[in-house]
Amino acid sequence: MGKLAVLSLAVTALAVLIGERLSSLRHLTLSYRELTQNYLPNCHLIDGIDFGAEDITILEDGLAFLSTGLKYPGLPSYSDDPGKIYTLNLLDSELKLEALSIKGQFDKDSFNPHGISVYTDDKDGAIYVFVVNHPQGKSQVEIFRFVEKENSLQHIKTIKHALLHNVNDIVAVGAESFYATNDHYFTNEILKFVEPLLSLPWCDVVYYSPETVQVVAGGFLSANGINISPSKRHLYVSNILKHTIVVLEIKKITALSHVKEVDVGSLCDNIEVDRESGDLWLGCHPNGLKCLFHDANDPPGSEVIRIENILSEKPQVTQVYADDGSVIMASSVATPYRGKLLIGTVYQKALICDLK
């Protein structure tokens with residue numbers, strides 16, 4: 001066979017491979033998806049949130065913690081100011097947003113908060129706030145103690161580890177222990193781009209305590225949101241590019257078994273769990289490419305999905321809210337409280353609505 005023929009075959013094979021990979025990426029990102037509006041009653045934007053509320057969690061007494069100002073590589077960022085943690089009392093009719101001051105030996109200027117989790121110590125009622133932080137684009141976890149009288153966070157410690165290399169979300173299970181997701185395998189920005197292009201299922205879940213650090217689950221295209229069931233017997237992980245929620249049973253603290261995956265039909269980010277019903281509430285990206293490129297003329301939409309009876313043979317998956325980006329863009333979290341639904345976004349605003 002002549003050199004020209006070999007070269008032609010090689011070029012053809014490469015073109016076929018690239019075409020197949022681009023087609024796969026189109027499916028992974030759901031780039032073909034268009035939304036039909038599905039609004040909730042009495043929605044309004046929360047004053048003071050303009051640069052994202054990527055993650056939100058709510059205490060039993062109605063006090064919400066909001067992680068704001070995330071600057072994530074590859075995604076838009078509209079403020080050079082450091083990120084902040086806010087509180088919002090959902091039982092207060094004025095819904096006044098308050099920024100938490102941070103005390104202790106902590107570099108506030110480089111604060112870049114991402115996923116958050118709150119742990120209440122049964123012994124003394126102390127409230128610990130765990131925050132995924134990306135100073136200078138790195139990954140580490142900050143543990144704070146919430147001082148309610150001062151409306152402040154007292155910095156306790158910073159956790160860094162080689163296994164916590166691309167942390168996205170976190171769920172605290174003790175005063176210094178947690179499960180965390182890595183949303184990429186590589187730390188190099190070019191190789192991070194290659195991962196979804198090649199559909200590499202190399203992302204994982206890590207368990208951390210002062211005594212033990214280990215990978216406890218793997219095989220994710222990108223592991224994003226994570227949370228735990230009210231019974232503390234199951235972990236829920238968003239395999240965002242596979243459009244599923246993975247259910248893992250906690251046999252032992254570091255021994256997890258795969259139970260099932262539930263299709264959600266969207267790129268679901270953070271997971272919040274209703275304490276009473278056990279229902280999962282998901283902030284989702286209906287079209288991943290729109291979220292990535294953020295064209296003002298064709299903005300990324302927002303979607304909220306609820307999963308009821310996830311441990312049953314037939315979980316019920318319901319779209320609760322959908323918007324084409326005209327109200328809020330790039331929803332990343334949704335959490336209910338007493339007939340209200342709080343919806344946060346990666347880099348824009350936050351919304352509160354009445355549930356039907």
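In this chain, numbering begins with 1 at the start of the sequence shown. Worth knowing before you read on, the calculation uses all heavy atoms, side chains too, and leaves out hydrogens, waters and symmetry mates.
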State, to 0.1 Å, how close [X] and [Y] come at their nearest heavy-atom pair, and which atoms those are.
| X | Y | value |
| --- | --- | --- |
| P286 | G301 | CD-O, 3.6 Å |
| I116 | S67 | CG2-CB, 3.6 Å |
| L40 | C43 | O-SG, 3.3 Å |
| V129 | L153 | CG2-CD2, 3.9 Å |
| S332 | A53 | OG-O, 3.9 Å |
| I228 | I250 | CD1-CD1, 3.9 Å |

What about the rings of [X] and [Y], do their centers lie closer together than 6.0 Å?
| X | Y | value |
| --- | --- | --- |
| H285 | H243 | no |
| F106 | F111 | yes |
| F146 | F65 | yes |
| F51 | Y78 | no |

Measuring from [X]:[atom1] to [Y]:[atom2], what's the distance to the nearest 0.5 Å?
| X | Y | atom1 | atom2 | result |
| --- | --- | --- | --- | --- |
| L235 | I245 | CG | CD1 | 12.5 Å |
| I310 | S229 | CD1 | OG | 10.0 Å |
| I102 | K108 | CD1 | NZ | 7.0 Å |
| I49 | I328 | CD1 | CD1 | 12.5 Å |
| K160 | S139 | NZ | OG | 11.0 Å |
| L289 | T29 | CG | OG1 | 3.5 Å |

>> Parallel, tilted or perpendicular: which one describes the rings of Y185 and W202, with boundaries at 30° and 60°?
In response: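 Y185 and W202: perpendicular rings.
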>> Which residue is it: F144, Y128, F130? I am looking for the one with a ring pair (Phe, Tyr, Trp, His ring centres under 6.0 Å) to H155.
In response: F144
Hphob cluster co-occupancy, [X] + [Y], side-chain heavy atoms under 4.5 angstrom:
| X | Y | answer |
| --- | --- | --- |
| V273 | V247 | yes |
| V173 | I170 | no |
| V118 | V333 | no |
| I159 | V167 | yes |
| W281 | Y321 | yes |

Any side-chain heavy atom of [X] sitting closer than 4.5 Å to one from [Y]?
| X | Y | value |
| --- | --- | --- |
| V131 | I143 | no |
| L163 | V215 | yes |
| E54 | H114 | yes |
| L267 | C284 | no |
| S31 | K290 | no |

Check this for me: does any side-chain nitrogen of one of [X] and [Y] sit under 4.0 Å from a carboxylate oxygen of the other?
| X | Y | value |
| --- | --- | --- |
| E195 | K192 | no |
| E313 | K260 | no |
| K157 | E142 | no |

> Heavy-atom count around F193 CZ within 6.0 Å, excluding the residue itself: above 12?
Replying inline: no
> Does anything in residues 207-234 pair up under salt bridge (charged side-chain N to carboxylate O under 4.0 Å, His left out), and if so which pairs, sequence neighbours excluded?
Replying inline: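 Pairs touching residues 207-234 that pass the test: R233-E249.
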> Side chains of D183 and N166: do they bring a donor and an acceptor to under 3.5 Å?
Replying inline: no
Just distance, no hydrogens or angles: give the donor-acceptor pairs under 3.5 Å from side chains in residues 334-349, sequence neighbours left out.
from	atom 1	to	atom 2	distance (Å)
Y337	OH	E60	O	2.8
Y337	OH	G62	N	3.2
K340	NZ	D354	OD1	2.6
T345	OG1	Q348	N	3.0
T345	OG1	K349	N	3.1
T345	OG1	K349	O	2.6
Y347	OH	C291	O	3.2
Q348	OE1	M329	N	2.8
K349	NZ	D50	OD1	3.2

>> Using side-chain hydrogen bond (donor to acceptor under 3.5 Å, both in side chains), reason through T120 and D122 one step at a time and then give a plain yes or no.
In response: CA-CA 6 Å; T120 303; D122 292 334; over 6 Å; no
